[in-house]
Amino acid sequence: MHLFLVHSPLLTPSVWDRLMESLEAANVSATAVALDNAAPPSTKHFEHHLAQLQDALLDLRRAPLVGIAHSGAGSLLALLDPQQFAGLIYLDAIFPDKGASRFELFDDPRAVNVWRQAAEQNGGKLPRSMLLQLAAAVQGERSRKALKAGIADVPVALYEEVIPVHPRWPAVERGLYLQWTDSYAADADRAQSAGFEVRRQAASHFEMLNQPDAVAETLLAFSRTLE
């Protein structure tokens, strides 16, 4: 079984670095997909990301796959045919049940207004100073540095555009949703309605940085049930 990890567009693949170390130590095969937000002017951001995901999948087409999404990457994983995967795992991630923008799926409309206003004052991009506040949820200097180094250049249009779901979404035989924070309670509910196993744990949104060994073991244990 090969793990296919998709990071939030707010960040870069470095958000998976500590988890990848734990997976490697456990002899687990995994790929952390590298996405960027540099969509051409005539291309929607989700289309650009979908092309990058499909390119990454080309090299893995013969391997049984487990798709794993964190945070805003939940919308991206739902663009793919779920039948490509033996199972799906959502880590405190957006769980769409129909085409919607990421902003439409935010749990707090006030946060949407804050993000929009901040971007308006910063040339249409989310200010790095605002995104750096995410580090407050991360424990340990090493992990905080990893998160800060992984902050991406984020056009707010990423969160405004409506992102469709694959026609077969979320038809997967086995799915797991790990809800770590209150902000993703509605997403966990949607996942449960779609037949996913849901585990609710009070933790950090970046638990894979705070507790990489524990998260790796959870991913591995679930993946073994798919074999």
Can you confirm whether the side chains of S183 and T181 place a donor and an acceptor under 3.5 Å from each other?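 No.
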
With no hydrogens and no angle check, is any side-chain donor or acceptor of [X] less than 3.5 Å from a backbone partner on [Y]?
X: Q54; Y: A56; result: no
X: E161; Y: F46; result: yes
X: S143; Y: N210; result: no
X: T43; Y: A39; result: no
X: D92; Y: W180; result: yes
X: R190; Y: F95; result: yes
X: D36; Y: A38; result: yes
X: S14; Y: D17; result: no
X: S204; Y: V138; result: no
X: Q121; Y: A118; result: no

Between [Y] and [X], is there a side-chain heavy-atom distance shorter than 4.5 Å?
X: F85; Y: L80; answer: yes
X: K145; Y: K148; answer: no
X: R102; Y: E160; answer: no
X: S71; Y: Y184; answer: yes
X: N37; Y: V154; answer: yes
X: L35; Y: L76; answer: yes
X: I89; Y: F222; answer: yes
X: L91; Y: L219; answer: yes

For [X] and [Y], work out which heavy atoms get closest and say how close.
X: P13; Y: A34; answer: CG-CA, 3.4 Å
X: S75; Y: P96; answer: CA-CG, 4.3 Å
X: S223; Y: L3; answer: OG-CD2, 3.4 Å
X: A86; Y: L226; answer: O-CD2, 3.7 Å
X: I94; Y: G72; answer: CD1-CA, 4.0 Å
X: V162; Y: G99; answer: CG1-C, 3.9 Å

Using 30° and 60° as the class limits, which term best fits the ring planes of F206 and H70: parallel, tilted or perpendicular? tilted

Do the rings of F106 and F103 sit parallel, tilted or perpendicular, given the 30° and 60° boundaries? perpendicular

Verify side chain to side chain donor-acceptor pair (under 3.5 Å) between Q179 and D187, making sure each step is shown before the conclusion. CA-CA 8 Å; Q179 183 201 337; D187 296 281; over 6 Å; no

Hey, mind stepping through D182 and R200 against salt bridge (charged side-chain N to carboxylate O under 4.0 Å, His left out) and telling me if it holds? CA-CA 9 Å; D182 291 342; R200 302 177 195 264; over 6 Å; no

Got a salt bridge between E141 and R144, using NZ or NE/NH1/NH2 to carboxylate O under 4.0 Å?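 Counted as a salt bridge, because a side-chain N and a carboxylate O are separated by less than 4.0 Å.
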
Given side-chain contact (heavy atoms from CB on, under 4.5 Å), test R168 with Q83 step by step and report yes or no. CA-CA 8 Å; R168 282 194 284 266; Q83 293 185 359; 3.2 Å; yes

Decide whether [X] and [Y] are clustered together by the hydrophobic rule: side chain heavy atoms of Ile, Leu, Val, Met, Phe, Trp, Tyr closer than 4.5 Å, transitively.
X: V165; Y: F4; value: yes
X: W169; Y: V6; value: yes
X: V33; Y: L57; value: yes
X: L134; Y: W16; value: yes
X: V28; Y: L209; value: yes

Quick check for you: to the nearest 0.5 Å, what is the distance between [X] atom [atom1] and [Y] atom [atom2]?
X: Y177; Y: E197; atom1: OH; atom2: CD; result: 14.0 Å
X: L158; Y: K44; atom1: CG; atom2: NZ; result: 11.5 Å
X: E217; Y: L23; atom1: CD; atom2: CG; result: 10.5 Å
X: I163; Y: L105; atom1: CD1; atom2: CG; result: 8.5 Å
X: E24; Y: L19; atom1: CD; atom2: CG; result: 11.5 Å
X: H2; Y: D59; atom1: NE2; atom2: CG; result: 9.5 Å

Please step through side-chain contact (heavy atoms from CB on, under 4.5 Å) for the pair V66 and I68, ending with a clear verdict. CA-CA 6 Å; V66 180; I68 301 171; 4.2 Å; yes

I'd like to know whether CD of E21 has more than 12 heavy-atom contacts from other residues, nucleotides or ligands below 6.0 angstrom.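 Buried by this count: over 12 neighbours within 6.0 Å.
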
With side-chain contact (heavy atoms from CB on, under 4.5 Å) as the criterion, how do W115 and L126 come out once you've worked through the C-alpha distance, each side chain's angles and the decisive distance to 0.1 Å? CA-CA 7 Å; W115 283 40; L126 298 176; 3.6 Å; yes

Might you work through the side-chain contact (heavy atoms from CB on, under 4.5 Å) test for L5 and M208, ending with a clear yes or no? CA-CA 12 Å; L5 296 97; M208 67 281 199; over 6 Å; no

